[in-house]
Structures are given as C-alpha cells and as structure tokens.
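Every chain is numbered from 1, with letters handed out A, B, ... down the list of sequences.
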Protein chains: 2
Amino acid sequence: MTETLSRRELNKAATRQAITDAAFALLRSNGPGNFTVEDVAEMAGISRRTFFNYFSSIEAALAAVTNGFLDSALQQFRQRPADEPILESARAALMQLADPMTVAPLAELFTLTQENALLSRSELEAWDHCTGQIINAARERFAGTPGAAVDELYLRALAGSVISCGRAAMDVWFARCGADLSPASLAVLRQLLIDAMGHLGSGFGSPHPATGTAAAAAAQAPSTAPPTAAPTLLKERL
Amino acid sequence: MTETLSRRELNKAATRQAITDAAFALLRSNGPGNFTVEDVAEMAGISRRTFFNYFSSIEAALAAVTNGFLDSALQQFRQRPADEPILESARAALMQLADPMTVAPLAELFTLTQENALLSRSELEAWDHCTGQIINAARERFAGTPGAAVDELYLRALAGSVISCGRAAMDVWFARCGADLSPASLAVLRQLLIDAMGHLGSGFGSPHPATGTAAAAAAQAPSTAPPTAAPTLLKERL
DNA sequence: CACGAAATTACACTACGTGCAAGTTTGCAC
DNA sequence: GTGCAAACTTGCACGTAGTGTAATTTCGTG
C-alpha cells in the first residue's frame with residue numbers, strides 16, 4: 001500500500017503533520033482561540049505563509065484529525081460485502097474504529113473543542129463532508145444491484161441519519177466517559193453505536209428497545225468515571 | 001401575541017431586518033464572497049461597526065433566514081400533542097412549513113449558497129442549532145411521561161436523524177425543482193418530507209417503500225420544471 | 001554540475017472582528 | 001419641558017486572517 005514516496009512527498013507529509021501537531025499542542029496549552037497562525041507556524045518551524053499553503057485556517061488544520069477518522073470509517077464501509085444490509089455495514093464500519101489508537105486523538109479534540117464552540121464549525125463540515133462521501137459510496141453499492149434506479153432521497157436520508165446516529169453515540173459517550181480511553185469506556189462506545197444503529201434500524205419505535213444496553217455495559221466497569229475531567233457538558237437525563 | 005414594543009425595540013428590529021435585506025440583495029447581485037461588510041452596512045444605512053453589533057459576520061446575517069425557518073419548525077413541533085408518536089409530530093411540524101411564504105426565502109438562499117459552498121458553514125450551524133433545540137423539546141416531552149428516565153442516546157439519535165431527513169428532502173427537492181415555488185413543486189416537497197419520514201419510521205427497510213411517492217407527485221405536474229434555473233447540482237440517480 | 005520544477009519565504013494589501021471612548025437617541029421621573 | 005440614566009450608534013485604532021506576487025531555496029533529473 002505504501003508507494004514509493006519521493007523526498008518532496010515525504011517532506012510535505014512531515015510538514016503537514018508538524019502543523020497539526022503544533023496546532024494541537026497550542027490548543028492544549030493555550031485553549032481554543034488563544035493562539036494565532038503565527039504561533040502555530042513558529043512552533044512548526046515554518047513561515048506563516050507556508051501554513052496557509054497547507055491549511056486555510058487553524059480550524060482546518062485541527063479538523064484533519066476528524067477527517068482522518070471519518071475517512072477511515074468510510075474506507076471500512078467500502079470494504080463491506082455489497083449484499084450486506086446497509087445499516088449493518090455502517091454499524092460494522094463504525095465498530096472497527098472503536099479502538100484506542102483511532103479514537104484517542106478524536107476524543108482529545110472533542111474535549112478541547114466542545115468547551116468553546118469556536119471549532120465546532122470545522123467539525124460540522126467534516127461530518128457533513130463524510131455524509132456526502134457515504135452518499136456516494138451507498139449510491140455506488142446500490143447501482144450494482146439489478147433492479148430499479150437509485151432513490152436519491154433514500155440515499156441521502158439514510159446517510160445523514162447514520163452519521164447523525166454516529167454523532168449522537170459519540171456525544172453521549174463523551175458526556176459519560178469524558179476523555180477516558182480505557183477498554184471499559186470503549187466498550188460503552190461500542191454499545192452506544194450498536195444501540196444507535198438499533199434505534200435507526202427499528203424506526204425509533206421505542207426509547208427502550210432492550211435491556212443490556214450501554215448503561216449496563218457502563219455498570220460493568222463503573223470505576224472508569226473521569227473525576228478530573230472537565231465537567232460534563234451534556235445533560236444526562238433531564 | 002404582539003406585545004407592546006417600545007420604540008427602541010422597533011428600531012432594533014427594523015435595523016436587523018434592513019441588514020439581512022441588504023445582505024440578501026448583495027448576495028443576489030454580486031454573488032457569495034463578492035461583497036464586504038462595509039457594502040452591507042452602507043446599503044443598510046448604518047455604520048460598519050453597527051453591523052457587528054447585530055451580527056458577527058455576513059454569514060450570520062444571512063443565516064437569520066434559515067434560523068427563522070427552523071425556529072418556526074420547532075414552534076410547530078412544540079404545539080403537537082404530547083401523546084402523538086414523535087416521528088408523526090416531526091412530520092407534521094415540517095409539513096406546516098411547506099407553504100410559499102415560508103420556504104421562499106429559504107429556497108432562494110439555497111440557490112445562492114449551494115453554488116459556492118462558502119456560506120454552507122453557517123447553514124450547517126443553523127441545522128445543528130436546530131437539532132439541539134429539538135433534542136431539548138423532545139426531552140421535555142418525554143420527561144412528562146410517567147415511566148423511565150429519558151434515554152439521551154435515543155433523543156439525540158432521533159433528533160439528528162429527523163433533521164437529516166428534513167435536509168435530505170430539501171436537498172432532493174431543490175435538485176429537482178430548483179427555486180420553483182409553484183404549488184406543484186411544493187407538493188413534491190411535501191411528499192418528499194413524508195417519504196423521508198416514512199423511511200425513518202420504517203427503519204430504512206427498503207429503498208422503495210411504496211409507489212405513489214414524490215416521483216409520482218412530480219409526474220402529475222411535469223410542466224413546472226425550471227428551464228432557466230441554475231443547472232442541477234445534485235446528481236439525480238447516478 | 002546544471003537546469004527546471006516545486007516548495008518556501010518575505011512583503012504588501014484588503015478585509016474581518018473587537019475594544020474603547022466618544023456622541024446620539026430613547027425612556028422615565030420630576 | 002428639563003434633566004438624567006440607560007441603551008444605541010459611531011469613529012477610530014489595533015491585531016489578525018487570508019491572499020496575490022515575486023524572489024529565493026530545495027529537490028529531481030539529465
């Protein structure tokens with residue numbers, strides 16, 4: 001998979017990474033909105049102008065994390081067998097990503113951005129961009145089937161709903177577990193994703209489809225609550 | 001309903017309206033990104049600084065249209081009986097808004113923004129903001145029921161999916177009908193909203209739930225296609 | 001090494017968004 | 001009406017964002 005990368009391409013990739021790392025570090029230390037492009041460029045060892053050659057804004061540089069996550073989710077989705085129910089494909093694709101390596105940067109970005117909603121714009125764009133790609137992927141899949149023409153409304157409603165459920169699961173997970181990345185916490189996330197897809201697949205018939213949900217999974221490892229994390233921002237049950 | 005409005009409040013409302021009108025007019029004439037805050041302020045008869053006292057950006061000023069639409073949708077939702085199935089409430093709330101007076105500004109904003117995706121950011125924010133409000137509204141409704149505590153995941157997944165389906169319906173509608181606001185076109189929109197909610201309510205079981213869908217509604221009045229409108233941007237069935 | 005392509009950089013410029021200190025309008029009491 | 005306080009508008013200044021451009025450096029290739 002790793003093609004022959006020229007020196008130029010390696011340099012560009014390294015610079016790109018250095019920028020996001022620097023932006024991330026400054027986000028950690030200074031908080032959102034309390035540092036400039038010049039700060040990022042200096043920390044990354046480049047000029048201000050070069051920064052803009054790579055990213056159009058600080059938000060875009062940070063959104064690279066989210067975009068990477070969503071891109072790999074999409075990659076997983078494309079690898080699912082075409083005859084599988086599409087909701088099952090989506091569920092499986094999201095499931096593959098609930099491992100520490102993948103969610104760690106995303107979870108930290110969540111912690112740092114949700115406090116100040118300044119960065120949420122690029123996050124929204126990233127989710128929206130991914131929705132568009134899912135629409136394309138699903139369209140291609142359905143185009144392979146024999147019969148009728150693809151129902152564009154179905155595609156768009158489905159893709160949007162899947163993404164919304166994924167977001168809902170992550171929001172709730174984060175409200176419960178904060179930046180906790182322990183296996184128990186990830187088990188909660190997995191179950192939340194499963195539950196959200198279950199709701200979607202059953203047409204949101206009942207708020208309580210079955211016992212043994214994420215709440216139970218959390219109960220199995222209740223000691224993982226993050227006492228030192230930022231105060232819970234999403235009201236849990238009120 | 002109309003309370004006693006002081007002179008100050010009237011002036012502020014008028015100024016606010018003048019700003020959005022000016023921004024809209026400049027968007028029409030110059031296209032997105034081709035006019036400045038100073039232009040808007042001048043056309044609205046105020047200073048640049050005052051503009052920023054009302055809106056934090058041109059995008060925000062234009063998003064007032066979308067926000068108004070979504071707020072009234074939310075208002076409709078809150079008025080539905082609490083014992084109604086929640087998806088039916090959502091469908092009914094969206095249905096109330098498919099009249100020319102309400103969708104006309106929104107449709108025009110769609111035409112002008114979707115060409116250049118510069119403004120889509122605030123649009124996304126507006127949709128997201130509305131999602132949050134629907135979550136709150138639904139939470140309040142469920143809190144009134146006797147039994148179990150509210151399932152936050154259910155709320156968020158549901159609200160996000162409803163909004164996504166509404167967006168999908170509007171996207172498809174716009175791709176088909178452009179800025180056409182004729183009764184026939186609005187009938188298509190209504191049917192698309194019904195179909196999207198139907199997909200959601202049936203768990204996206206089949207791409208073709210029933211005949212007599214929006215395609216048929218469009219066939220009943222095929223002469224309403226907008227020949228002069230901007231070229232279709234969403235690929236219809238491929 | 002030398003040459004061309006690609007990347008980085010410095011510089012200049014417009015526009016954005018905000019703090020601040022005026023000036024102006026509105027509401028209210030006397 | 002007069003006076004006053006609060007709310008609103010305005011002009012100014014300042015730092016920052018983002019872009020065009022031309023000069024400079026780095027890299028691949030003959």
| said: Could you check whether B:S164 and A:S161, counting side-chain N and O atoms only, form a donor-acceptor pair closer than 3.5 Å? | reply: no
| query | Rounding to a whole Å, what distance do you find between A:Y54:OH and D:dA17:P? | reply | 19 Å
| remark: Rounded to 10°, the helix from C:dC1-D:dG30 to C:dC30-D:dG1 deviates from straight, judged by its five-pair end axes, by 20°
| Separation of C:dA10 C1' from A:E38 CD (nearest whole Å) | 12 Å
Grab the N/O contacts between the protein and nucleotides 21-23 of chain D below 3.5 Å, and write none if there aren't any.
none

| task | Salt-bridge test for B:R48 and B:E42: reply yes if a basic N is under 4.0 Å from a carboxylate O, no otherwise. | result | no
| query | C:dA15 P sits how many Å from B:L26 CG, rounded? | reply | 14 Å
| query | Once you round it to whole Å, what is the distance between C1' of D:dG15 and CZ of A:R48? | reply | 11 Å
| query | When you check the phosphate oxygens OP1 and OP2 of D:dT26, does a side-chain N or O of A:N11 lie under 4.0 Å from one of them? | reply | no
| message | Can you see whether A:D39 engages A:T36 through a side-chain donor-acceptor pair at a distance of less than 3.5 angstrom? | response | yes
| note | Note: for B:F35 and A:T15 on DNA chain C, the residue whose nearest nucleotide lies more 5' is A:T15
| query | If you check the A:S47 side chain, which of D:dT9, C:dA10, C:dG17 turns out closest? | reply | C:dA10
| task | Verify the contact: side-chain N or O of B:T50 to OP1 or OP2 of D:dT9, cut-off strictly under 4.0 Å; return yes or no. | result | no
| query | Do we see a donor-acceptor contact under 3.5 Å between the side chains of A:T102 and A:D99? | reply | yes
| Just how far, in rounded Å, is C1' of C:dA7 from CD1 of A:I46? | 12 Å
| task | Quickly work out the A:F52 CZ to C:dA10 P distance and round it to whole Å. | result | 15 Å
